[in-house]
Protein chains: 2
Amino acid sequence: MRKYVLLYGLLGGVLIAALKFIEYRFLVAEHSVEIYGGIVAAVFAGLGIWLGRKLTRPIQTVVVREVLVDAPATFVRDEGKLEALGMTPRELEILELIAAGLSNREIANRAHVSENTVKTHTSRVFDKLGVRRRTQAVQLGKELRLIP
Amino acid sequence: MRKYVLLYGLLGGVLIAALKFIEYRFLVAEHSVEIYGGIVAAVFAGLGIWLGRKLTRPIQTVVVREVLVDAPATFVRDEGKLEALGMTPRELEILELIAAGLSNREIANRAHVSENTVKTHTSRVFDKLGVRRRTQAVQLGKELRLIP
DNA sequence: GCCAAAATCACCCGTTTGGGGGATGGTCGG
DNA sequence: CCGACCATCCCCCAAACGGGTGATTTTGGC
């Protein structure tokens with residue numbers, strides 16, 4: 001900021017000096033004051049424009065362009081629906097294993113329970129989800145955000 | 001910043017008024033040209049500054065903001081994998097219906113073919129996917145982006 | 001027009017799944 | 001302590017599913 005002001009003054013001085021020491025005498029003859037004033041006016045108007053642009057920081061309009069970015073597929077279980085359906089932890093666990101494509105036998109092995117137990121759980125899950133097949137259960141479970 | 005410009009103009013006006021209305025004509029008599037030039041310079045500089053501000057078109061800064069958006073469910077089928085697996089259109093269709101939780105009978109009705117045909121298709125799908133159960137087929141199908 | 005791939009259908013047989021029922025033990029809150 | 005809830009297990013039976021094999025018809029490309 002300060003340097004612009006100094007520059008401004010300097011240029012003004014130079015201009016005045018130039019006017020004084022060069023063609024001053026010829027021009028001054030007839031319309032000296034008008035011409036002098038005109039030149040000064042023009043030069044300082046230009047300077048002012050320049051200064052005005054320099055001194056004022058540009059008016060900045062911030063245009064926010066929103067770019068849609070795929071969310072990192074963050075799975076959050078809908079505990080509310082779980083509650084509403086009365087789904088127990090064990091049942092949810094079995095539903096997940098069903099969704100993983102395991103058979104009742106495989107689920108039994110993995111969960112360290114008997115196949116009959118798994119069948120009981122799956123039956124309850126189907127009841128609570130209101131479905132009749134495991135593929136339906138998986139589909140609905142994902143829709144309801146019970147399982148990823 | 002704007003208030004400085006206004007102050008500037010105001011002071012200029014006050015100065016001119018002071019020069020005009022008080023008895024400084026004596027001084028003016030001697031250094032008339034310089035003072036006239038100075039006044040003109042000041043006024044036009046002010047004008048220039050004002051003009052400069054007006055002329056400066058607002059700069060638009062584009063701020064790109066990334067907004068996380070729930071996955072827009074943009075499903076694009078992996079045709080490459082379909083090709084690689086030798087999956088036929090009909091088989092893919094049946095896989096989709098399986099994923100929808102339909103039984104073979106329901107699929108048969110919807111696709112207007114016999115249940116046996118559906119079974120044949122599902123068998124082939126299972127072969128090509130290397131799975132043995134429909135839940136596995138659904139799971140793998142989604143993983144491989146064959147179905148939504 | 002022929003060939004290959006795809007789609008269609010059928011039958012048999014074994015496995016898996018799903019729908020009933022019933023039973024026992026554990027935990028927790030009123 | 002009792003009842004509600006959960007988890008566990010059992011049996012039976014029917015339906016659905018999956019594997020194997022074979023066959024016919026459609027369809028698309030050369």
Side-chain angles (χ1 to χ4, degrees), chain A residues 77-144 146-147, chain B residues 77-144 146-147:
Chain A
R77 176 159 290 138
D78 190 334
E79 305 285 350
K81 289 212 189 69
L82 279 180
E83 187 71 18
L85 293 169
M87 197 80 75
T88 73
R90 199 57 160 163
E91 287 162 359
L92 182 61
E93 193 184 331
I94 266 67
L95 178 56
E96 280 174 348
L97 295 174
I98 288 178
L102 303 189
S103 70
N104 287 341
R105 184 162 301 166
E106 289 166 337
I107 294 173
N109 290 334
R110 183 166 310 191
H112 306 107
V113 293
S114 89
E115 210 175 321
N116 285 312
T117 304
V118 174
K119 289 185 61 178
T120 304
H121 284 313
T122 58
S123 278
R124 290 204 214 288
V125 168
F126 294 167
D127 266 358
K128 290 173 181 177
L129 287 180
V131 299
R132 308 178 61 77
R133 278 180 292 281
R134 40 181 64 212
T135 43
Q136 284 182 330
V138 171
Q139 217 247 357
L140 191 56
K142 296 198 178 214
E143 257 183 27
L144 299 181
L146 308 179
I147 50 176
Chain B
R77 176 158 289 137
D78 190 336
E79 305 285 350
K81 288 213 189 69
L82 279 181
E83 188 71 19
L85 293 170
M87 196 81 73
T88 74
R90 199 58 161 162
E91 287 163 358
L92 182 62
E93 192 184 331
I94 265 68
L95 178 57
E96 280 174 348
L97 293 174
I98 288 177
L102 303 189
S103 70
N104 286 343
R105 183 160 304 166
E106 289 166 338
I107 294 174
N109 289 334
R110 183 166 310 192
H112 306 108
V113 293
S114 88
E115 208 176 322
N116 285 313
T117 304
V118 174
K119 289 183 62 177
T120 304
H121 284 312
T122 58
S123 278
R124 289 205 213 290
V125 169
F126 293 166
D127 267 358
K128 291 174 181 177
L129 286 180
V131 300
R132 308 178 61 76
R133 277 180 294 280
R134 40 180 64 212
T135 43
Q136 284 181 329
V138 170
Q139 217 247 355
L140 192 56
K142 296 197 178 212
E143 258 182 27
L144 299 181
L146 308 180
I147 50 177

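Below, chain A is the first sequence line, B the second, and so on; all start at residue 1. Bear in mind that the values here come from a model prediction, so they are computed numbers and not experimental data.
One interatomic measurement links the two molecules: CD of A:Glu83 to C1' of D:dC6, which rounds to 14 Å at whole-angstrom precision. In this structure, A:Ile107 atom CD1 and C:dT15 atom P are separated by 19 Å, rounded to whole Å.
Under the side chain to side chain contact (heavy atoms under 4.5 Å, CB included) criterion, B:Gln139 pairs with B:Glu143, sequence neighbours left out. Applying the side chain to side chain contact (heavy atoms under 4.5 Å, CB included) rule to A:Arg77 yields the partners A:Phe75, A:Glu79, A:Leu82, A:Leu92, A:Glu96, A:Pro148; only residues at least two apart in sequence or on another chain are considered. Residues that satisfy the side chain to side chain donor-acceptor pair (under 3.5 Å) test with B:Thr120, not counting sequence neighbours, are absent from this structure. Residues satisfying the side chain to side chain contact (heavy atoms under 4.5 Å, CB included) criterion with A:Leu97, sequence neighbours excluded, are A:Leu102, A:Ile107, A:Arg110. Not counting sequence neighbours, B:Arg124 has no partner by the side chain to side chain donor-acceptor pair (under 3.5 Å) test. For the side chain to side chain contact (heavy atoms under 4.5 Å, CB included) test, residues two or more places apart in sequence or in another chain that qualify with A:Asn116 are A:Ser114. Scored by the salt bridge (Lys or Arg N to Asp or Glu O under 4.0 Å) test, B:Lys119 finds no partners at all (sequence neighbours excluded). Applying the salt bridge (Lys or Arg N to Asp or Glu O under 4.0 Å) rule to B:Lys142 yields no partners; only residues at least two apart in sequence or on another chain are considered.
At a threshold of 4.5 Å between non-hydrogen side-chain atoms, the residues B:Lys128 and B:Thr88 count as touching. Two residues are said to be in side-chain contact when any heavy atoms from C-beta on lie closer than 4.5 Å; A:His121 and A:Ile98 fail this criterion.
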Mind listing the N/O atom pairs, protein and nucleotides 24-30 of chain D, below 3.5 Å?
none

Can you check nucleotides 6-8 of chain C for protein contacts, nitrogen or oxygen pairs under 3.5 Å, and list what you find?
| from | atom 1 | to | atom 2 | distance (Å) |
| --- | --- | --- | --- | --- |
| C:dA7 | OP1 | B:Arg90 | N | 3.3 |
| C:dA7 | OP2 | B:Thr88 | OG1 | 2.3 |
| C:dT8 | OP1 | B:Arg90 | NE | 3.2 |
| C:dT8 | OP1 | B:Arg90 | NH2 | 2.8 |
| C:dT8 | OP2 | B:Arg90 | NE | 2.8 |
| C:dT8 | OP2 | B:His121 | NE2 | 2.9 |
| C:dT8 | O4 | B:Arg124 | NH2 | 3.3 |

### Stepwise side chain to side chain contact (heavy atoms under 4.5 Å, CB included) check, B:Asn104 with B:Arg134
CA-CA 10 Å; B:Asn104 286 343; B:Arg134 40 180 64 212; 2.2 Å; yes
### Task
Can you check each nucleotide of nucleotides 11-20 of chain D against protein heavy atoms at under 4.0 Å and return B for base, S for sugar-phosphate only, - for none, in 5' to 3' order?
BB---SSBB-
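Taken over five-pair windows at either terminus, the axes of the helix from C:dG1-D:dC30 to C:dG30-D:dC1 are inclined to one another by 50° (rounded to 10 degrees).
Of all non-hydrogen atoms in B:Ala99 and B:Val138, the two that sit nearest each other are CA-CG2, 3.5 Å.
For the atom pair A:Lys81 NZ and A:Leu140 CG, the distance stands at 9.5 Å (nearest 0.5 Å).
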